[in-house]
Amino acid sequence: DTVADTAALPLIERQTLLDAMAQAIAGNEPASAALTTQTQAFVKQQSDPHEQALMHALPQCLAWLHQLSADDQTSVRWVLGHITLGQSLDMSRFGPGLHALQTEAELNDYTWLVAGCVGEFWTELCDRHLPGFAQLPTPDMMALGRSYGMGLQRLNIIRDAGADLSAGRCYWPEETLTAAGLSPQALANARHDPATHQALAPLWTAWLDQTQDQLSNGLRYSCALNGWRLRLASALPALIGARTVALLRQAGPPSLDQSVKMPRSEVQGLLWRLAWGRISPKALRREFERLSMRKSHP
């Protein structure tokens with residue numbers, strides 16, 4: 001993400017560094033001198049100290065990867081290979097100007113590459129290291145984990161649509177927008193255009209409905225887990241996501257130009273209620289339903 005999203009760096013340089021990182025992850029050797037040099041040059045163009053620290057840590061991360069078991073190394077390389085491919089596609093699709101994904105198939109593929117595969121990855125690790133980690137068969141957990149990850153990424157797309165459009169990226173497929181009489185440019189200019197908001201409203205509802213369904217699969221995943229720590233860690237994104245979907249429904253298409261997120265005070269209240277309910281599946285399902293229906297005060 002750090003490399004792909006640093007727009008101040010020329011596209012070809014970002015792609016070259018991302019390719020070098022992917023090759024290093026896929027290989028069996030420590031970070032090469034060439035990769036270290038590329039990384040240091042990149043760090044000098046980064047202003048965020050956290051991003052700088054992350055890039056400085058790359059050689060150590062690669063060393064840790066080589067210390068994992070053979071099976072775990074295979075799993076890590078598999079998931080990072082897909083994520084890196086998704087980021088590379090992002091950089092190739094969104095050049096200068098405003099561009100959009102073309103089809104729903106491209107959108108589904110993208111959400112799987114950068115997030116759905118992560119749900120499968122963690123399920124595979126749990127199955128390997130925590131026998132009996134879930135009450136459902138592993139193939140069922142794989143399917144739910146895949147859907148969960150894709151739903152979280154769809155939520156990111158909806159929530160960050162305004163910023164992405166300003167940066168020239170439209171993740172909503174052009175074929176879907178065209179069928180509704182819309183275009184990426186219309187969305188980018190929608191701030192003072194109620195007609196665009198009105199035309200977008202049915203799509204907005206449909207996208208949120210699909211996201212809600214996938215987050216519901218995430219809750220099913222979490223409720224099937226054994227052990228409260230694992231259950232809590234898995235469920236929190238779904239619960240916060242459910243509240244975010246509710247806020248986006250309430251705000252409607254005008255939220256393209258707003259920052260919509262669950263307030264920290266509400267997250268703290270959620271954690272207290274979950275602790276009171278012993279983080280049981282029943283408590284998780286109750287909170288998911290409550291957060292999905294709740295409206296903000298005026």
Euclidean distance, Q153 CD relative to N156 CG, rounded to 0.5 Å = 5.0 Å
Going through the distances and angles, do L200 and L256 end up as a side chain to side chain contact (heavy atoms under 4.5 Å, CB included)?
-> CA-CA 11 Å; L200 180 59; L256 282 171; 3.9 Å; yes
Step by step, would you call Q212 with S292 a side-chain hydrogen bond (donor to acceptor under 3.5 Å, both in side chains)?
-> CA-CA 8 Å; Q212 181 78 11; S292 297; 2.8 Å; yes
Identify whether M141 and V79 are in the same connected component of the hydrophobic contact network (ILVMFWY, side-chain heavy atoms under 4.5 Å).
-> no
Verify the cluster assignment for L236 and F133: are they in a single hydrophobic cluster under the rule of side-chain heavy atoms below 4.5 Å apart?
-> no
Treating Ile, Leu, Val, Met, Phe, Trp and Tyr as nodes and any side-chain heavy-atom pair under 4.5 angstrom as an edge, say whether L248 and V267 lie in one connected cluster.
-> yes
Could you walk me through whether R93 and E106 pass side chain to side chain contact (heavy atoms under 4.5 Å, CB included), step by step?
-> CA-CA 11 Å; R93 284 168 173 159; E106 284 186 356; 3.9 Å; yes
Under a 4.5 Å side-chain heavy-atom rule over Ile, Leu, Val, Met, Phe, Trp and Tyr, are Y221 and F121 clustered together?
-> no
dist N217:CG -> D140:CG (nearest 0.5 Å) comes out at 11.0 Å
Taking only distance into account, with no hydrogens and no angle test, what donor-acceptor pairs under 3.5 Å do side-chain atoms of residues 226-233 form with protein atoms, sequence neighbours excluded?
from : atom 1 : to   : atom 2 : distance (Å)
N226 : OD1    : Q135 : NE2    : 3.2
N226 : ND2    : G132 : O      : 2.8
R231 : NE     : L225 : O      : 3.2
R231 : NH1    : I279 : O      : 2.8
R231 : NH2    : L225 : O      : 3.2

Q15 and S88: side-chain donor and acceptor closer than 3.5 Å?
-> yes
Taken to the nearest 0.5 Å, the spacing of T6 OG1 from E51 CD works out to 6.5 Å
When you look at Q268 and R264, which way does the side-chain hydrogen bond (donor to acceptor under 3.5 Å, both in side chains) test go after all the steps?
-> CA-CA 6 Å; Q268 293 171 340; R264 181 172 298 181; over 6 Å; no
Any donor and acceptor pair, going by atom type alone, linking the side chain of N189 with main-chain N or O of Q185 inside 3.5 Å?
-> yes
Supply the atom-to-atom distance L144 CG to L136 CG, rounded to the nearest 0.5 angstrom.
-> 6.5 Å
What's the verdict on side chain to side chain contact (heavy atoms under 4.5 Å, CB included) for C117 and W78, showing C-alpha distance, side-chain angles and the deciding distance?
-> CA-CA 9 Å; C117 68; W78 178 85; 3.9 Å; yes
Determine, step by step, whether S75 and E124 satisfy the side-chain hydrogen bond (donor to acceptor under 3.5 Å, both in side chains) criterion, reporting the C-alpha distance in whole Å, the side-chain angles of both residues, the deciding distance to 0.1 Å, and the verdict.
-> CA-CA 8 Å; S75 296; E124 183 177 64; 2.6 Å; yes
Where do A238 and G218 come nearest, in terms of heavy atoms and distance?
-> CB-C, 4.5 Å
About how many Å separate CG of L62 and CD of Q60, when rounded to the nearest 0.5 Å?
-> 10.5 Å
Neighbour count >12 (heavy atoms, 6.0 Å) for atom CH2, W207 = yes
Between E120 and W112, is a side-chain hydrogen bond (donor to acceptor under 3.5 Å, both in side chains) present by the stated rule, with each step listed?
-> CA-CA 10 Å; E120 297 182 39; W112 182 80; 2.7 Å; yes
Between CD of E104 and OG1 of T176, what distance do you get to the nearest 0.5 Å?
-> 3.5 Å
Do the side chains of T39 and H56 get nearer than 4.5 Å, heavy atoms only?
-> no
Okay, side chain of Y171, backbone of I158: is any donor-acceptor separation there less than 3.5 Å?
-> no
CA sep, side-chain torsions, deciding dist, call: I157, T211, side chain to side chain contact (heavy atoms under 4.5 Å, CB included) | CA-CA 10 Å; I157 288 171; T211 302; over 6 Å; no
Could you tell me whether a side-chain N or O of Q73 sits under 3.5 Å from a main-chain N or O of L68, the two making a donor and an acceptor?
-> yes
With no hydrogens and no angle check, is any side-chain donor or acceptor of S92 less than 3.5 Å from a backbone partner on L89?
-> yes
When you measure from the side chain of Q102 to the backbone N and O of A100, does any donor-acceptor pair fall under 3.5 Å?
-> yes
For S147 and A143, indicate whether the former's side chain and the latter's backbone hold a donor-acceptor pair under 3.5 Å.
-> no
Result of checking T244, T205, D209 against R249 for side chain to side chain donor-acceptor pair (under 3.5 Å) | D209
Without swapping roles, check the side chain of R77 against the backbone of D72 for a donor-acceptor pair under 3.5 Å.
-> no
Closest non-hydrogen contact found for C223 with L284 is SG-CB, 4.0 Å
Transitively linked via ILVMFWY side-chain contacts under 4.5 Å: L54 with M21?
-> no
Is the shortest side-chain N to carboxylate O distance from D5 to R14 below 4.0 Å?
-> no
Please answer whether the main-chain N or O of G252 pairs with a side-chain N or O of S255 as donor and acceptor at a distance below 3.5 Å.
-> yes
Go through the structure and list residues passing side chain to side chain donor-acceptor pair (under 3.5 Å) with H197, not counting sequence neighbours.
-> none
If every non-hydrogen atom of A161 is compared with every non-hydrogen atom of W172, which pair is closest and at what distance?
-> CB-CH2, 3.6 Å
